[in-house]
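First comes the structure, then the notes that go with it.
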Amino acid sequence: MMLTASAVSVLSSLGQLIWVLLLFVLVLLLTLLTTRWIAKYQQGQLHNRNLKVIETLKVSANGYIQIIKAGDVYLVIAVSRDHIEKLAEVTEDQLEINSVDATGQKIDMVESFHDILEKVKDHLPKK
C-alpha cells in the first residue's frame, strides 16, 4: 500500500496540529499549577502579618488616605508618591466597618462570596 504525496501531506499537517494542541494544553496546565502555587505562597506570607489595609481613599492623582490596622492600633495615614505621613490614630469604635452599597443598603463585610453572587444575580435581566 503506497501513500500518495497529498495523503502524506495531510498526515503531516494533522500530526503537526496534534503536536501544537498538546503543547498548548501543556502550557495551560503549567500556567494553572504555577498560579496556584504562587497564590498559596503569597497567602502563607500574608497570613502572619501584623499590618492590614482597612480602607483606601484616592484624594488626588498620586495621593491617598488610608486606614491601616497595625497590631491593635488603627492609624489614618496620607500616602503620596514620595511621602507617608500619620494623620491620626483612631479607635475601632470610631470606625464604621460596614459599608453602604449604591442603593443605600448596608453591606456586611463578612458576607460570603455566594451571598454576594446571589444578590448580583437578582439584579441581572432575565432572558
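What you see is a predicted model; the values in this text were computed from it and never measured.
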Listed by chain and number, what are the side-chain hydrogen bond (donor to acceptor under 3.5 Å, both in side chains) partners of Ser6, not counting sequence neighbours?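 In terms of side-chain hydrogen bond (donor to acceptor under 3.5 Å, both in side chains), with neighbours along the sequence ignored, Ser6 is linked to Thr4.
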
Using atom types as modelled, flag every donor-acceptor pair under 3.5 Å from a side chain in residues 51-59 to any protein atom, sequence neighbours excluded.
residue	atom	partner	partner atom	Å
Thr56	OG1	Gln66	NE2	3.2

Just jot down the side-chain contact (heavy atoms from CB on, under 4.5 Å) partners of [X], sequence neighbours excluded, or say none.
{"X": "Ile18", "value": "Leu14, Leu22"}
{"X": "Thr91", "value": "Asp93, Gln94"}
{"X": "Ile84", "value": "Ile77, Val79"}
{"X": "Thr31", "value": "Val27, Thr35"}

Please tell me whether Val73 and Leu87 are part of a single hydrophobic cluster in this structure, the criterion being side-chain heavy atoms less than 4.5 Å apart.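 Result: no, two separate clusters.
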
Running the 4.5 Å side-chain criterion over Ile, Leu, Val, Met, Phe, Trp and Tyr, what cluster does [X] land in, apart from itself?
{"X": "Leu23", "result": "Trp19"}
{"X": "Leu33", "result": "Leu29"}
{"X": "Leu28", "result": "Phe24"}
{"X": "Val25", "result": "none"}

With sequence neighbours excluded, tell me which residues meet salt bridge (charged side-chain N to carboxylate O under 4.0 Å, His left out) with Lys86. Glu89

Who pairs with Trp37 by ring-ring contact (aromatic ring centres under 6.0 Å, His included), at least two apart in sequence or on another chain?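 Listed in chain order: Tyr41.
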
In terms of heavy-atom contacts, does CG of Asp72 have more than 12 from other residues, nucleotides or ligands at under 6.0 Å?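 Not buried by this count: 12 neighbours or fewer within 6.0 Å.
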
